[in-house]
Amino acid sequence: MIKQRIKEAVEKAVKTVFGEIPLPQFEIETPRKGSFGDYATNIAFVLKKSLDLPPLEIAEKLVQELYKERNLFEKVEVAKPGFINFWVSTRYYLENLLKVIEEKDNYGRINLGKGKKVLIEFVSANPTGPLHIGHGRGAAYGDSLARVLEFTGYSVIREYYINDKGTQMDILGESVYLRAKELKGEKINFPEDFYKGAYIYDIAKKVLADYPNLLELEKKEAIAICREIAIKTILEDIKSDLERFRVVYDSWYSEKSLYEKGKVDALINLLKQKGLVYEKEGALWFRSSDFGDEKDRVLIRSNGEYTYFAGDIAYHHEKFVDRGFDLAINLWGADHHGYVKRLKGALKALGLNPENLEVILIQMVNLIEGGELKSMSTRQGEFVELKELLDEVGVDATRFIFLSRSSDSPLDFDIDLAKKQSQENPVYYVQYAHARICSIFEKATEQGLGEINWREVDFSLLSSEEEIALAKKIEEFKEVIESAGKFYAPYKLTYYLLDLAKQFHEFYTKHRVLSEDISLTLARLGLCLGCKIVLKNGLNLLGVNSPEKM
RNA sequence: GCGCCCGUAGCUCAAUCGGAUAGAGCAUUGGACUACGAAUCCAAAGGUUGCAGGUUCGAGUCCUGCCGGGCGCGCCA
């Protein structure tokens with residue numbers, strides 16, 4: 001990567017000019033303005049203290065040395081307060097095109113993770129109802145992040161943690177049971193905090209079909225049947241929605257199985273041995289306040305039931321200790337932020353490094369329809385299902401929109417805008433660039449340019465502003481990948497792709513690819529092919545298709 | 001009351017773990033199709049980065065205090 005090469009050149013120059021001095025952290029960055037070159041470094045500011053010289057003077061001395069790197073730089077300059085600006089030889093960007101063409105799908109792949117084993121747990125919605133729009137954001141983000149991490153050298157497992165145990169499941173079972181009674185003509189009193197969605201009726205019908213004598217069974221047994229069938233049915237529905245959304249998990253992990261394997265009891269015993277729990281008012285408490293939490297938390301309630309927290313500690317303990325993951329990434333809705341300290345505290349208490357758990361909090365999704373904000377609640381059955389979104393908007397546009405914001409930023413999902421297959425919808429802007437390039441190649445093939453030996457193409461014929469800018473943008477892909485991987489931020493790719501597409505459209509409008517001049521035609525086709533490859537690789541990391549025709 | 005996140009152009013958002021003159025898209029206004037796809041391009045206009053201090057070569061970014069919004073604060077998950 002060019003950045004790395006510049007960094008090495010700077011380090012070498014420092015050594016030559018100032019001898020062996022301690023070298024603090026410094027940056028090679030891309031300036032916002034083109035007039036400051038392709039890259040810049042703050043090395044002079046960083047060395048100011050130890051050398052006790054004005055930054056400008058340090059920079060000037062270094063530039064004299066750096067200027068010798070003629071093959072790499074076209075120009076090296078000192079700017080105002082003490083920046084050093086680099087203009088990279090355009091030859092570098094043009095030669096890179098051949099690399100892109102040869103590496104194809106693998107162009108941009110880097111080894112940031114060095115094979116580290118990472119578990120990404122996301123969505124993990126309770127199986128108490130269908131996925132809605134908010135889950136969709138987590139699904140898109142988690143899956144895309146997984147793709148990015150795979151691309152940056154991690155060994156990734158995608159996992160869905162199934163909360164198939166506890167109070168909510170009981171309520172779910174009872175909700176179905178009551179609806180079954182109602183369907184059989186009994187008058188029922190449906191409690192306020194039960195699940196009210198229409199899908200509960202569907203499940204009740206299904207239960208009655210499988211167990212016609214359900215209501216004659218003992219109530220406890222009947223509810224248990226309702227609960228099991230409900231969980232299974234809902235989970236299947238969730239799974240099929242996710243698959244349709246191009247989200248495929250490696251592992252579906254049952255909370256209940258943790259108990260059946262005795263993991264939770266083993267963990268509680270471990271905490272007891274370490275003296276980290278105590279009994280109070282009939283409940284078992286964990287001393288989480290000793291580990292950064294605001295207060296102590298209950299593990300076993302006074303009625304003997306385990307809390308969700310107890311299972312979750314065991315779950316995470318197992319992730320690191322038994323399953324050997326180096327890194328666990330959890331994607332949670334931002335409404336769970338209060339839970340982070342608690343869980344990290346538990347890891348600390350167990351002697352595990354809390355930094356190996358990365359919790360990404362994803363802000364809420366606001367649904368806008370007809371310019372109006374719609375509120376959502378699973379219990380009330382008032383929500384837009386992911387299914388509905390996929391029917392109306394489509395997978396590509398939905399994913400692209402979900403991936404167009406930082407996780408810190410709440411997302412307004414304007415369903416009317418998302419449905420529009422027009423310029424207002426940015427996903428098509430990127431896809432259109434890809435389709436346009438495919439169309440050029442189709443034409444090229446018709447004209448007998450089917451097989452091209454790219455090694456013989458003279459890329460130095462590309463000399464216009466738009467051509468160079470596009471080649472540079474293509475080269476930048478590697479940096480974007482690095483940044484997306486480093487910050488767990490797939491949305492950075494979305495912005496990049498819009499930028500790349502823009503650069504392509506500009507080039508396309510100004511220059512004709514297929515012309516009488518065969519050498520130039522081939523060079524421009526190479527530029528287009530490089531762009532196409534990067535568009536496709538990028539879209540692929542977002543889980544969005546790259547259509548050849550639209 | 002306490003904690004977390006956010007506040008940037010009319011709207012929706014960027015800004016590379018502190019970098020230079022804060023950028024895009026949409027909307028608005030004006031322009032560009034007899035050649036590879038106009039789902040495109042070009043141009044104009046749009047800002048005291050919520051407010052007030054502080055830290056330093058340098059602050060949208062870090063610290064403190066306010067103001068405004070969202071979300072949490074259970075022996076729920």
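Model, not experiment: these values are computed from the prediction. Order of the sequence lines sets the chain letters (A, B, ...), proteins ahead of strands, with each chain counted from 1.
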query = Using a cut-off of less than 4.0 Å, is there contact between a side-chain N or O of A:R301 and OP1 or OP2 of B:rC76?
reply = yes

query = Which residues in residues 479-487 of chain A have at least one heavy atom lying under 4.0 Å from any atom of RNA chain B?
reply = A:F487

Base of B:rG37 and ring of A:Y432 stacked, centres under 5.5 Å, planes under 30° = no

query = Over how many whole Å does the gap from A:D193 atom CG to B:rA77 atom C1' extend?
reply = 14 Å

ask   = Given that both distances must come in under 3.5 Å, which nucleotide forms a Watson-Crick or G-U wobble pair with B:rG3?
value = B:rC71

inquiry  = For A:Y308 and A:Y339, take the angle between the two ring planes, folded into 0 to 90°, and tell me which bin it lands in: parallel under 30, tilted 30 to 60, perpendicular over 60.
reply    = tilted

ask   = Quick one: is B:rC42 close enough that its OP1 or OP2 comes under 4.0 Å of any side-chain N or O from A:K510?
value = no

request  = Assign A:F45 to base, sugar-phosphate, or nothing according to its heavy-atom contacts below 4.0 angstrom with the strands shown.
outcome  = base

request  = Establish, with yes or no, whether the OP1 or OP2 oxygen of B:rC33 is under 4.0 angstrom from a side-chain nitrogen or oxygen of A:R512.
outcome  = no

Report all side-chain donor-acceptor pairs from residues 402-409 of chain A shorter than 3.5 Å, counting only partners two or more places apart or in another chain.
residue, atom, partner, partner atom, Å
A:S404, OG, A:I401, O, 2.6
A:S406, OG, A:D408, N, 3.1

query = With respect to the phosphate group of B:rG25, does any side-chain polar atom (N or O) of A:K502 fall under 4.0 Å of OP1 or OP2?
reply = yes

ask   = Does any nucleotide pair with B:rG58 by Watson-Crick or G-U wobble geometry, both distances under 3.5 Å, and what is it?
value = none

ask   = With nearest nucleotides of RNA chain B determined for A:T307 and A:E294 from heavy-atom distances, which residue corresponds to the more 5′ nucleotide?
value = A:E294

ask   = Closer than 4.0 Å, any side-chain N/O of A:K295 to the OP1 or OP2 of B:rC75?
value = yes

task = Establish, yes or no, whether a centroid distance under 6.0 Å links the rings of A:Y315 and A:Y253.
result = yes

query = Should A:Y491 be listed as having a side-chain N or O under 4.0 Å from OP1 or OP2 of B:rA15?
reply = yes

B:rU40 pairs with, by Watson-Crick or G-U criteria that keep both distances under 3.5 Å = B:rA32

B:rC36 base / A:E442 side chain donor-acceptor hit below 3.5 Å = no

inquiry  = With a 4.0 Å cutoff (strictly under), does any side-chain N or O of A:R297 reach OP1 or OP2 of B:rC75?
reply    = no

message = Would you say A:S439 places a side-chain N or O within less than 4.0 Å of OP1 or OP2 belonging to B:rG37?
response = yes

Base paired to B:rG65 (Watson-Crick or G-U; both N/O distances under 3.5 angstrom) = B:rC51

ask   = Does a side-chain N-to-carboxylate-O contact under 4.0 Å join A:K502 and A:E506?
value = yes

ask   = Ignoring hydrogens and angles, are the base of B:rU16 and the side chain of A:T30 linked by a donor-acceptor pair under 3.5 Å?
value = yes

task = Taking only the side-chain heavy atoms of A:R32 (C-beta and beyond), determine which of B:rA38, B:rU16, B:rC76 contains the nearest atom.
result = B:rU16

message = Evaluate A:E476 against A:K473 for salt bridge (charged side-chain N to carboxylate O under 4.0 Å, His left out), listing each step before the verdict.
response = CA-CA 5 Å; A:E476 200 186 306; A:K473 204 78 210 170; 3.3 Å; yes

message = Tell me if the side-chain of A:S302 makes a donor-acceptor pair with the base of B:rC75, cut-off 3.5 Å, by modelled atom types.
response = yes

task = Report yes if a donor N or O on one partner sits less than 3.5 Å from an acceptor N or O on the other, where the partners are the side chain of A:N85 and the base of B:rA20; otherwise report no.
result = yes

A:V513, nearest nucleotide to its side chain (from B:rA38, B:rC36, B:rG60) = B:rC36

note = With the side chain defined as heavy atoms from C-beta on, A:Y429 is closest, among B:rG74, B:rC13, B:rC41, to B:rC41

key: Face-to-face stacking of A:H505 with B:rA38, centres under 5.5 angstrom, angle under 30°   = no

task = For B:rG60 and B:rC51, measure between their P atoms and round to the nearest Å.
result = 11 Å

ask   = Given A:Y432 and A:H505, is the ring-ring contact (aromatic ring centres under 6.0 Å, His included) satisfied, shown in steps?
value = CA-CA 9 Å; A:Y432 183 58; A:H505 288 309; 5.6 Å; yes

inquiry  = Between A:R342 and B:rC73, is there a contact of a side-chain N or O with OP1 or OP2 at under 4.0 Å?
reply    = no

key: Beyond-backbone contact of A:L541 with A:F151, side-chain heavy atoms, under 4.5 angstrom   = yes

key: Given RNA chain B, 5'-ward residue of the pair A:L361 and A:R405, judged by closest heavy atom   = A:L361

task = Ignoring the backbone of A:H337, work out which of B:rA20, B:rA77, B:rC4 is nearest its side chain.
result = B:rC4

query = With both distances under 3.5 Å as the test, what is the Watson-Crick or G-U wobble partner of B:rU8?
reply = none

query = What does B:rC13 pair with, Watson-Crick or G-U, if both distances are under 3.5 Å?
reply = B:rG23

